[in-house]
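Presented below is the structure to which this report refers.
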Protein chains: 2
Amino acid sequence: MRKKKSNITIKVVADRAGVSTATVSRVITGSDVVSPRRRKRVDRAIKELGYSPNRAARELRIGAVLKIGVVLSDIQNPFFTGCLAGIESVLQSSDYVLILGNSKEDPRIEKMHLNSLISDGVGGIILALTSGYDDCYQDLAKSDIPMVAIDRESKYLLVDSVVIDNVSASFQATECLAKLGHRRIGYIGGPLHISTSQERLKGYKEALTNLDIPIEDDLIVNGQYRQGGGCAAMEELLNLPERPTALLIANNLMTLGALEAIYQHDIQIPEALALVAFDDTPWNIALKTPLTVIAQPTYQLGEFAAKLLLDRIKNPDQPLQKIMLKGELIIRDSCGSKI
Amino acid sequence: MRKKKSNITIKVVADRAGVSTATVSRVITGSDVVSPRRRKRVDRAIKELGYSPNRAARELRIGAVLKIGVVLSDIQNPFFTGCLAGIESVLQSSDYVLILGNSKEDPRIEKMHLNSLISDGVGGIILALTSGYDDCYQDLAKSDIPMVAIDRESKYLLVDSVVIDNVSASFQATECLAKLGHRRIGYIGGPLHISTSQERLKGYKEALTNLDIPIEDDLIVNGQYRQGGGCAAMEELLNLPERPTALLIANNLMTLGALEAIYQHDIQIPEALALVAFDDTPWNIALKTPLTVIAQPTYQLGEFAAKLLLDRIKNPDQPLQKIMLKGELIIRDSCGSKI
DNA sequence: GTGAAAGCGCTAACAA
DNA sequence: TTGTTAGCGCTTTCAC
């Protein structure tokens, strides 16, 4: 174990400036009850000594500040790294430091991170949750740590949130496919205990109902929000006696997996299967068939979340907020229409 | 500002278990001088109370900061998110917490993050540096904070490092192309002040020399390690009076950009242009032409770096280490051979 | 407006 | 093997 970095404490500064530690502290914290003369003396001493206050001591004394915990469900998913970049950019120009945790879609790991953050007494938490259907978050909610849920929500966790309007995005995508003449539209989505999965499925169903297309359970597959999940789901759909002619996929990684299966079976897009997928990605243009997608504003999602959290920390009693961002349908080749 | 989070302190646990705080502390820190009976009692009390130690207090007391700063040059690049995931997984089972900074390939932002980490007195730093050719890091090196350079090195920063054997990887890739009969092999690489760019260029040139193929400066383009950089570089190569028949691209994002330009000019891969690129990526299989790549073990890179840093923290006087990991050439369609 | 002093929760001597 | 206790560096009453 390393020893302390610096022996310049508030005491040293106080001695140098010929004042008490209390006065130095008042200067540091910006308390306005210090006379200009002493303030000047203290400032000089701080500069000369290159003093910077010990964060641990400060935190211990006042309770936690200056740390924001960010727990994401998959830090290798471009969707979340986009969010992360947005969060980071906001925090960068704040006094807060970003503590990162990766839950890998595992509620147990998530719980661990959360506990660690809580016991650290972080100033706030931004969470993309992995589990939404049980009471995992009830005691978390009881801790009074400011928190923002990002992308996903849980009814057991009533906190500020920044999300995509998934129902409408999914509705729009399904409608697009239907308007191109498709009646057998399949759907591949994520685990149903995650709110985004529920909402996207809902949007899909609503669009179908709205257009008098019967909902067929066979055409709906929910799997893991992973590449493997997408591949497996696609195989299932492909094994159907009557295959879908169009498909909506609710996640970028699943899309990659589905594409894997599609190419393996030598199915032509969009001729044999029209496709709309969630998430625009940098690699889209280089794909065999460029994908029609619902682009989600991930970076802004992160920015909003960080700003919202900072707001909430400053003003704990403000009413709960839910910010909803719209996805954007971008037409490319895979849906079979340039519109 | 919030007040303190939890009132479950070591004292409460001690009372509950009927022991002293010292004994509880011993159990927590894994000191082995506690009798099994008491240890069991303490463990139970901890569990029942849901106690977890206050990090600030601990840090203050032991005079070390249980935080690792990780500053990456682009947290939206899959290469670095792969590393990040590896780092996170190691840190997760340590006492350390991960503080993330994103320099966006900007030395000024990097500097800012580094300064902030230093003044926080973090326990250690993992850095993918953005600038390698000036003395940016000289005073950083003087701070005695343990540090590991990841992926990229600088002669101004003599610290432990974990890197890919870029020269040999690049050599291998170039050789592969040459063995397929190509003599006009182009090269697209990153900024030359970054060590990986230098090394990859070196490997390329060495392979050429080794095979008696003349090096033509026209065929070598160095740009930004970004999608735009790859696209611009490709355009440049395409404007040559005599185009290359094969190409090595030294970065995944640049590859995407190059592909963009290639498709725009309707150039067939591998017929009109054989391609080998750095980095294997999840989307590779779904590309128009699956890419022959040098796969880099990003996750392991991160794991090694984190472990190395933890080692160094425990044992500051151990000799400097440089861990070099090998890339792996994976043959797919884009080089024009299944071998 | 200022200083003295009491801890924040924890660990590590030192005693027992 | 265990408990007692003195701080780590800081902020914040409370007197003055």
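Order of the sequence lines fixes the chain letters, A, B, ..., with proteins taken first and strands second; residue numbering starts at 1 for each chain.
- In summary, of the residues considered (B:Leu66, B:Val90, B:Leu309, B:Val65), a side chain to side chain contact (heavy atoms under 4.5 Å, CB included) with B:Tyr96 occurs for B:Leu66 alone.
- Listed nucleotides C:dC10, C:dG3, D:dG3 differ in distance to B:Val19; the shortest reach to its side chain belongs to D:dG3.
- Listed candidates were C:dT2, D:dC10, C:dG9. Nearest to the side chain of B:Leu60 is C:dG9.
- By the side chain to side chain donor-acceptor pair (under 3.5 Å) test, A:Thr21 pairs with no residue at all, sequence neighbours left out.
- For A:Arg39, the side chain to side chain donor-acceptor pair (under 3.5 Å) test picks out no residue, with sequence neighbours left out.
- Within the structure, every side-chain polar atom (N or O) of A:Thr9 is placed at least 4.0 Å from both OP1 and OP2 of D:dG9.
- Rounding to whole angstrom units, CZ of residue B:Arg58 and C1' of D:dG7 are separated by 18 Å.
- For the pair A:Ile8 CD1 and D:dG9 C1', the interatomic distance rounds to 13 Å; values are reported in whole Å.
- Map B:Ala57 and B:Gly18 each onto its nearest nucleotide of DNA chain D; the residue landing nearer the 5' end is B:Gly18.
- Nucleotide D:dT11 holds its P atom 11 Å from the CD atom of A:Glu59, rounded to whole Å.
- One atom, CD1 of B:Ile10, and another, C1' of C:dA12, lie 12 Å apart when rounded to the nearest Å.
- Among residue pairs with one or both ends in residues 69-91 of chain A, those qualifying as salt bridge (charged side-chain N to carboxylate O under 4.0 Å, His left out) are A:Asp74-A:Arg226; sequence neighbours excluded.
- Between B:Lys104 and B:Asp106 there is no salt bridge, since none of the side-chain N atoms of the basic residue sits less than 4.0 Å from a carboxylate O of the acidic one.
- Atom CZ in B:Arg39 sits roughly 10 Å away from atom P in D:dT1 (whole-Å rounding).
- For A:Thr21, no side-chain nitrogen or oxygen approaches OP1 or OP2 of D:dC10 to under 4.0 Å.
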List, with names and distances, any nitrogen or oxygen atoms from the protein found under 3.5 Å away from nitrogen or oxygen atoms belonging to nucleotides 13-16 of chain C.
from: C:dA13; atom 1: N6; to: B:Arg26; atom 2: NH2; distance (Å): 3.4

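- Candidate nucleotides C:dA12, C:dC10, C:dG1 were compared by shortest atom distance to the side chain of B:Pro53, and C:dC10 ranks first.
- The shortest distance between the side-chain N/O atoms of A:Ser20 and the OP1/OP2 oxygens of C:dG3 is below 4.0 Å.
- Taking only side-chain atoms of A:Val33, from C-beta outward, the nucleotide of D:dG9, C:dT2, D:dT1 with the closest atom is C:dT2.
- Distances shown here put every side-chain N or O of A:Arg55 at or beyond 4.0 Å from the OP1 or OP2 atom of D:dG9.
- Distances shown here put a side-chain N or O of A:Thr23 below 4.0 Å from the OP1 or OP2 atom of C:dG3.
- No donor-acceptor contact under 3.5 angstrom links the side chains of B:Arg108 and B:Ser103, judged on distance only.
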Could you list the donor-acceptor pairs under 3.5 angstrom formed between side-chain atoms of residues 11-18 of chain A and any protein atom two or more places apart in sequence or on another chain?
from: A:Lys11; atom 1: NZ; to: A:Asp15; atom 2: OD1; distance (Å): 3.1
from: A:Lys11; atom 1: NZ; to: A:Asp15; atom 2: OD2; distance (Å): 3.2
from: A:Arg16; atom 1: NE; to: A:Glu48; atom 2: OE1; distance (Å): 3.0
from: A:Arg16; atom 1: NH2; to: A:Glu48; atom 2: OE1; distance (Å): 2.7

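- One can place CD1 of B:Ile46 at 13 Å from C1' of C:dC10, the figure rounded to the nearest angstrom.
- In the set C:dT2, D:dG3, C:dA5, the nucleotide with an atom closest to the side chain of A:Val34 is C:dT2.
- Summarising the geometry, the separation between CZ on A:Arg41 and P on C:dG3 is reported as 9 Å, rounded to the nearest angstrom.
- Residue pairs that meet the salt bridge (charged side-chain N to carboxylate O under 4.0 Å, His left out) test with at least one member in residues 76-87 of chain B, sequence neighbours left out, do not exist here.
- Straight-line distance from the NZ atom of B:Lys11 to the C1' atom of D:dT5: 13 Å, rounded to whole Å.
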